[in-house]
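Data block below; observations after.
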Amino acid sequence: MGCGGALPEEQAEAGLAQEPTFAPEVTAEGPCLPTAAGTQRVKTILPPSELGIPRFAMGPGSFVDFKGALHFAVNQEDGRRGLWRSTGTDAGTTEVKGFPATAGSGTPLLSQLTATPAQLFFQAPDAAHGSELWVSDGTTAGTRMVKDVTPGTEDSYLTHLTAAGSTLVFFKETYDATVFATRYELWKSDGTAAGTVRLRDFGTGVDVSYLDAKQGNALLFFVRELEGATSLWRTDGTATGTVQLKRLDAGPNTYPNDVRTSGALTLFKLDEMSGLSELWKTDGTAGGTLRLASFGSTRAMRVLGALGAYAYVTTTSFSTQYMVIYRVPLAGGNPEPVVTLPNDYTSQGEAFPFIEAVSQAPGGKKLYFAVAIGSNGPAPRDTQLWVTNGTAGGTTLLRRPLSLSDEYGSPVYAAADNLVFFASEEMAPVGLEPWVSNGTVAGTRRLKDIASQGPTRSSYPREFFRMGSRVYFSAFDDTLNAQLWSSALSNTCAAPEDAQ
């Protein structure tokens, strides 16, 4: 490790890393758990699926809060698409704009809903223009195509849609067959055709990572020269505000990963082909973009997030297959081991633990994360939900197993600091269903058995999204498709600063 300190396995063998607790902790918030009675289908939107594979059902998704109402995308198996809104009731859940199926083998998805204060941007297809940028004010009459960015019926491939104040910024990616490479162009839009223009052409000599972060009213993104350096960039939607913040590494073959934003701070790591991993932080300024630590090639490092004055990461030894949580001072200093997570399968061959999902509520003082333990096959041996407050005593195993499928990963969504939604598996007749936890073992339970009475046994919940006093999600139910569901939160499920 470049910044000093013993290897994780050495810490564990020396007894320096404490074992986590499995006892429920006492919390001042109380149970803070929504109920099965308060968890109901909002509306039947989709007809019965013809695919017959519930875990692949698209259902409602791309949830966003726009003008105080839930807005979301509905993509049907027959190619029809729709922008929908909901106030949480059957009658209040209506289609804003429908899009018929287009000719050909498949209609592109309606996707990437991105809200500014007055406008909702998204990408949608029609027969005359292909898949292009659209905007809505929340009404049918006020929903229109912004601009045919790629003129004609050819689709535009738009990525990184981000609200920078009242402006939308995004990338247009175009494959250039003459040089066998992708051209990356940064654009902005104010919702009008004339105000939708290119800010910068990055050309075909770089790769813009799919990873990004939003800091205030700016988009942070990574640009890697194909045979050179990796740099962090920032744009606020103006030409003068589109700048390279810092050259992170000389490269080549250095890749960003694990971008996690907490408040005004974003953490990320850089992976090198040598196996070295670097932990970085940025506040969106050049001076505030700094390397915090380096980890050697004998272990895999993953970023969890920031709590207080520390960044938290996990490292997993390739030789011992044990995962250790480390804390790294944000002000600078050596990483320190916090706790070694148990691994019951190290004697059974391939049993490498890895992070599947991480979630932290805005302003939260806890990190929730899912750990999967690998196997010799495609599916994991075990999957576990953990919570940590950054201490050994506050690192607790909440539930096992989550999904053991290699085709459906359990979502983990912290709706508040003391409330997390996830999916967990049980023995028959109950399969994969939505679960909740207040961060304690005693306060971890199934939210509702949605599908076990039907032919599928599992509802495969996904797309958890909190808006006000409800958490919305998609679940496969007795209608034989994935529909819009919601769960009402109790008044104690949010700290005062979380209440909406």
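Quick note: numbers below take in every heavy atom, side chains included, and nothing from hydrogens, waters or symmetry partners. Counting begins at 1 with the first residue of the sequence.
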Considering non-hydrogen atoms only, spot the tightest contact between [X] and [Y] and give its length.
{"X": "Gly138", "Y": "Arg85", "value": "O-CD, 4.1 Å"}
{"X": "Leu226", "Y": "Val206", "value": "CD2-C, 3.9 Å"}
{"X": "Val74", "Y": "Leu46", "value": "CG1-CD2, 3.7 Å"}
{"X": "Phe72", "Y": "Gly61", "value": "CB-O, 3.4 Å"}

Using atom types as modelled and distance alone, determine if a side-chain donor or acceptor of [X] lies under 3.5 Å from a backbone N or O of [Y].
{"X": "Arg81", "Y": "Pro108", "value": "yes"}
{"X": "Arg80", "Y": "Gly82", "value": "no"}
{"X": "Asp148", "Y": "Gly152", "value": "yes"}
{"X": "Ser359", "Y": "Ala414", "value": "yes"}
{"X": "Lys188", "Y": "Thr196", "value": "no"}

| said: So, applying salt bridge (Lys or Arg N to Asp or Glu O under 4.0 Å) with Glu426, which one of Arg400, Arg446, Arg457 is it? | reply: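 It is Arg446; the other options fail the test.
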Does a side chain donor of either [X] or [Y] reach within less than 3.5 Å of an acceptor in the other side chain?
{"X": "Thr266", "Y": "Thr282", "answer": "no"}
{"X": "Thr116", "Y": "Ser166", "answer": "no"}
{"X": "Glu433", "Y": "Ser459", "answer": "yes"}
{"X": "Thr479", "Y": "Asn481", "answer": "no"}
{"X": "Asp201", "Y": "Tyr184", "answer": "no"}
{"X": "Glu77", "Y": "Ser49", "answer": "yes"}
{"X": "Asp271", "Y": "Asn257", "answer": "yes"}
{"X": "Gln123", "Y": "Ser111", "answer": "no"}
{"X": "Ser424", "Y": "Arg399", "answer": "yes"}

Please find out if less than 6.0 Å separates the ring center of [X] from that of [Y].
{"X": "Trp233", "Y": "Phe202", "answer": "yes"}
{"X": "Phe464", "Y": "Phe421", "answer": "yes"}
{"X": "Tyr175", "Y": "Tyr157", "answer": "no"}
{"X": "Phe170", "Y": "His160", "answer": "no"}
{"X": "Tyr460", "Y": "Phe476", "answer": "no"}

Return the set of residues passing side chain to side chain donor-acceptor pair (under 3.5 Å) with [X] (not counting sequence neighbours), or none when no residue passes.
{"X": "Gln244", "value": "Ser231"}
{"X": "Gln384", "value": "Asp382, Trp386"}
{"X": "Glu132", "value": "Ser156"}
{"X": "Ser487", "value": "Thr39"}

| field | side chain to side chain donor-acceptor pair (under 3.5 Å) evaluation trace for Gln483 with Ser474 | value | CA-CA 5 Å; Gln483 308 292 356; Ser474 168; over 6 Å; no
| Does Phe222 have any ring pair (Phe, Tyr, Trp, His ring centres under 6.0 Å) partners at least two apart in sequence or in another chain, and if so, which? |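 If we apply the ring pair (Phe, Tyr, Trp, His ring centres under 6.0 Å) test to Phe222, skipping adjacent residues, the hits are Phe268.
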[atom1] of [X] to [atom2] of [Y]: how many Å apart, nearest 0.5 Å?
{"X": "Leu267", "Y": "Leu265", "atom1": "CG", "atom2": "CG", "value": "5.0 Å"}
{"X": "Glu173", "Y": "Asp207", "atom1": "CD", "atom2": "CG", "value": "8.0 Å"}
{"X": "Thr167", "Y": "Leu199", "atom1": "OG1", "atom2": "CG", "value": "9.0 Å"}
{"X": "Ser277", "Y": "Arg302", "atom1": "OG", "atom2": "CZ", "value": "10.0 Å"}
{"X": "Ser375", "Y": "Glu350", "atom1": "OG", "atom2": "CD", "value": "7.5 Å"}
{"X": "Ser262", "Y": "Lys281", "atom1": "OG", "atom2": "NZ", "value": "13.0 Å"}

Can you find a pair of side-chain heavy atoms, one from [X] and one from [Y], that are under 4.5 Å apart?
{"X": "Gln215", "Y": "Thr261", "answer": "yes"}
{"X": "Leu133", "Y": "Met145", "answer": "no"}
{"X": "Thr242", "Y": "Leu186", "answer": "yes"}
{"X": "Val64", "Y": "Leu120", "answer": "yes"}

| message | Counting neighbours of CD on Glu95 that are heavy atoms of other residues, nucleotides or ligands and sit closer than 6.0 Å, is the number greater than 12? | response |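 Yes, CD of Glu95 has more than 12 neighbouring heavy atoms, counting only those of other groups under 6.0 Å.
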| message | If you count heavy atoms of other groups shown closer than 6.0 angstrom to CZ of Phe56, is the number above 12? | response |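 Yes, because the 6.0 Å sphere around CZ of Phe56 holds more than 12 heavy atoms from other groups.
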| field | Pairing residues for Lys448 by the salt bridge (Lys or Arg N to Asp or Glu O under 4.0 Å) criterion, not counting sequence neighbours | value |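 Lys448 satisfies salt bridge (Lys or Arg N to Asp or Glu O under 4.0 Å) with no other residue.
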| remark: In Lys43, Arg41, Gln40, the residue satisfying side chain to side chain donor-acceptor pair (under 3.5 Å) with Asp90 is Lys43
| request: Apply side-chain contact (heavy atoms from CB on, under 4.5 Å) to the pair Val471 and Trp485, showing each step before the final yes or no. | output: CA-CA 8 Å; Val471 169; Trp485 283 69; over 6 Å; no
